[in-house]
Amino acid sequence: MPGPVNLEEEWAFCLALAEQSGVPCRHLGPQDMLPEVNNLVPRAVLRNHRMIPVARKHNVITLAMADPFDVVAEDIVRFRTGCTVQRLVAPAREIEEALRGHLGLGDPVLDSILEKIPEGVDFEFLAAPEDEQKQESVEPTAPIIQLVNSIISDAIRMKASDIHVEPLEHTLRVRYRLDGLLRTIVELPGRIQPATLSRLKLISGMDITETRRPQDGRTRVRLEGREIDLRVSCLPTYHGEKIVLRILDPKTVVVDLDALGLRTADFKRLQNVLTASHGMVLATGPTGSGKTSTLYGVLKHINLETDNLVTVENPVEYRLAGINQVQVNERAGVTFASSLRSILRQDPDVVMVGEIRDLETAEIAVQAAQTGHLVLSTLHTNDAVSTIVRLVMMGVPAYMVASSLLCVIAQRLVRRLCPACRVQQPVAEIHSEILLASGHQPPLTDYTASGCAECNHRGYRGRMGLFEILVVSDRVRRILMTDPQEEKVLDAARDEGCLSLLKDGLEKVAQGATSLEEVMRAITIRNPGGRQCSACLRTVPPELAVCVYCGQPMRASCPTCHHAMEPDWKICPNCQEHTPTAFTVASKGGVMVLSQDPCLIAEVSGILQAHGHHVITSSCPDQALAKVWFTKPDVVLVDLAVSELDPAQFSTALHSGLGSSTIRLIYLTQKEPSRDFPYGLEFQADGYLLKPVDPAQLLARLGP
């Protein structure tokens, strides 16, 4: 049906839709374009469904829609944001104009950014290269210069750690990394891409004529009286050069030791370690876990006028007052190892090595720790215990590690919940299952981020660390000298109060400082505990009453008091605590139902349970795959209306898992099956069912 041809007819059409649907109708204006709200929903979804969020108050989102009967669009927004949706009818033309303007598909984006730049803004580049002085003949108020200045200054004010300027097919996307996660700020018209990228390369001292190879540069800016360094990287991509600016703001990184998020007991243990005159302290974790920030906090804590503190870094990102910092330059022969040798002849008291990358650097660091120096460094390992084993495996003798190592700090970064808008909620089922299967008791409650004006509707404000502090005691040293095995070191560390990263995270979830979702995102739970099934000899999670592979009964243990229990008991007779038996296999095979439609889930579950099938439900593709690992159902029913569902990716992940390659995959669709069936065969689907589901066809698909 063709749409209205003019504004009057379009408004009359909106009024008719509003009357028929029972929702209000109004025009959209510039005040309705809220970037912090629109970033909650993927932009492709907004375009496809012709809708735009225009307001958010507490836990309610007002959604302007061209079609108020589009329940799929409403469900997508509710699922992505966790908020209640309040519908509003608006003319389709105004919604499309808002999307074009606000999502960066037209000139209004550039105009709106330039309008926000105040006159005489306190922002200037301090380290502009000489080439810029020769080439820049334009006025300092030129639009491109103002645009670049605005992008950088806004990122600094929002405390972003990185700025990503990415050329796409038709637009130039600008994203900020806020609290560890990237967030799209604006998409600019593609026609200004060359000028914007050239300006960024020019101010960072890069060759603007070179577009085929990566380049690195640096610059410094002054904003509101503060001097901030920018490290710039340029990488050629398919649609053009992508530029990433790392914002090196000492005020956001160099913090006091007591502000890192350490538990009181761990803080005291670390303080005691730092009183030593010699030895080695290592900070470990993956890239971006805050290792350097922790060592800077340590340096700030022990920086005394009576001591000589020297660092060797690659690169020197933050300049610390009163500390001698050495920049690695491998082309000039200035490496970690060579710099460390020279530093030891400079009468240092404390030496920080940016990273231990090879055996040579490790040996010199260990020797320095044994000859009267306090050595700080980083290492890329998953946890504190594996760090000790890594040094031994690198070739450092175990007796040297035992005599020099004082402490290992393993850490991760998680986002801190906004205290003004956090909402208490029950622990998600999938999180409880994973924690119980790994031998950990889930917290009694969880929190979720709802978003408010104080946190810019993100639900989080800043980041905090999860820590695992392993102090090398006499017992640990004896183990390293006699039998340096990871399990024995771990047992000794746990007995002496070393809390794992996961347990530290669970404590902070219980305190409301962060959410369980953040902890599970930051920490990979490895090698979940379990027992061997006597029937199929496979290892299964410890709290399951039946083997998830062969269905044979097994004795389970209570997760609270570890009392042995029979498979059919649901309450421990010893401590009266509930023990999970959710995965007990029924008389017929299990069926996974993946859908975000509660009516469809209830309808299908009722049919299956009435005929003796065990039903597992999920509303998220990732959660569904995790549950498949535990339950191994015979059939997976997938609703094609699920948002974020990529049929090809889901099918590949499902059929590539251990023990899940034979699981049948059936899609539920509202279209004619004949249209989608060839599409499904490409993604290894075993069949289609038309919605609403016919019970006879469903049972026939499942088989006897």
Side-chain angles (χ1 to χ4, degrees), residues 253 257 260 262 266 269-270 273-274 276 278-299 310-317 326 328 330 335-341 343 350-370 373-413 465-472 476-477 479-480 484-486 489-490 493 498-501 504 522-524 526:
V253 176
L257 195 61
L260 294 175
L262 289 163
D266 286 339
R269 294 169 71 197
L270 184 57
V273 168
L274 296 178
H278 64 277
M280 184 161 60
V281 177
L282 295 177
T284 70
T287 301
S289 59
K291 301 185 297 297
T292 303
S293 298
T294 298
L295 294 186
Y296 281 163
V298 170
L299 288 173
V310 186
T311 73
V312 50
E313 306 170 60
N314 184 24
V316 175
E317 295 185 348
V326 178
V328 168
E330 294 186 357
T335 64
F336 281 111
S338 64
S339 299
L340 193 51
R341 288 194 189 93
I343 288 173
V350 180
V351 178
M352 189 191 97
V353 184
E355 182 182 352
I356 294 179
R357 297 182 177 180
D358 49 40
L359 176 59
E360 183 182 11
T361 306
E363 288 178 337
I364 300 173
V366 169
Q367 292 171 3
Q370 292 179 327
H373 306 90
L374 183 61
V375 179
L376 312 175
S377 189
T378 67
L379 201 63
H380 289 280
T381 53
N382 292 323
D383 51 38
V385 176
S386 61
T387 303
I388 300 177
V389 180
R390 172 72 63 84
L391 289 172
V392 176
M393 296 301 293
M394 287 177 65
V396 181
Y399 71 90
M400 294 184 66
V401 176
S403 61
S404 62
L405 191 60
L406 296 175
C407 176
V408 181
I409 309 169
Q411 64 183 86
R412 301 290 188 277
L413 287 179
L466 306 182
F467 294 94
E468 180 180 357
I469 308 293
L470 191 158
V471 177
V472 182
V476 174
R477 286 193 176 92
I479 295 174
L480 291 176
Q485 293 185 17
E486 186 171 336
V489 176
L490 180 61
C498 175
L499 210 63
S500 68
L501 288 166
D504 187 33
I523 300 174
T524 301
R526 303 181 302 145

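Since this is a predicted model, take the numbers as computed values, not measurements. Because only heavy atoms are used, hydrogens play no part in the values below, and waters and symmetry mates are left out as well, while side chains stay in.
In terms of the side-chain hydrogen bond (donor to acceptor under 3.5 Å, both in side chains) criterion, residue partners of T361 (sequence neighbours excluded) are, by chain and number, D358. Checked against salt bridge (charged side-chain N to carboxylate O under 4.0 Å, His left out), E355 has the following partners two or more places apart in sequence or in another chain: R357. Scanning for side-chain hydrogen bond (donor to acceptor under 3.5 Å, both in side chains) contacts around T387 gives T381, with sequence neighbours left out. Residues that satisfy the side-chain hydrogen bond (donor to acceptor under 3.5 Å, both in side chains) test with T294, not counting sequence neighbours, are Q411. When the side-chain contact (heavy atoms from CB on, under 4.5 Å) test is applied to A522, the partners found at least two apart in sequence or on another chain are R412, V414. Not counting sequence neighbours, the partners of T311 by the side-chain hydrogen bond (donor to acceptor under 3.5 Å, both in side chains) test are E313. For L295, the side-chain contact (heavy atoms from CB on, under 4.5 Å) partners at least two apart in sequence or on another chain are A283, M352, L376, T378. R390 pairs by the salt bridge (charged side-chain N to carboxylate O under 4.0 Å, His left out) definition with nothing, not counting sequence neighbours.
In this structure, the separation between CG on L270 and CD1 on I409 is 4.5 Å, given to the nearest 0.5 Å. In this structure, L374 CG and L274 CG are separated by 7.0 Å, a value rounded to the nearest 0.5 Å.
Within the structure, salt bridge (charged side-chain N to carboxylate O under 4.0 Å, His left out) contacts touching residues 359-370 (residues at least two apart or in different chains) are R341-E360.
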Do any side-chain atoms of residues 391-405 form donor-acceptor pairs under 3.5 angstrom with protein atoms, and if so which ones, sequence neighbours left out?
residue	atom	partner	partner atom	Å
S403	OG	Q370	NE2	2.6
S403	OG	Y399	O	3.0
S403	OG	M400	O	3.1
S404	OG	M400	O	2.7

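Counting heavy atoms from C-beta on, the side chains of D504 and E468 never come closer than 4.5 Å.
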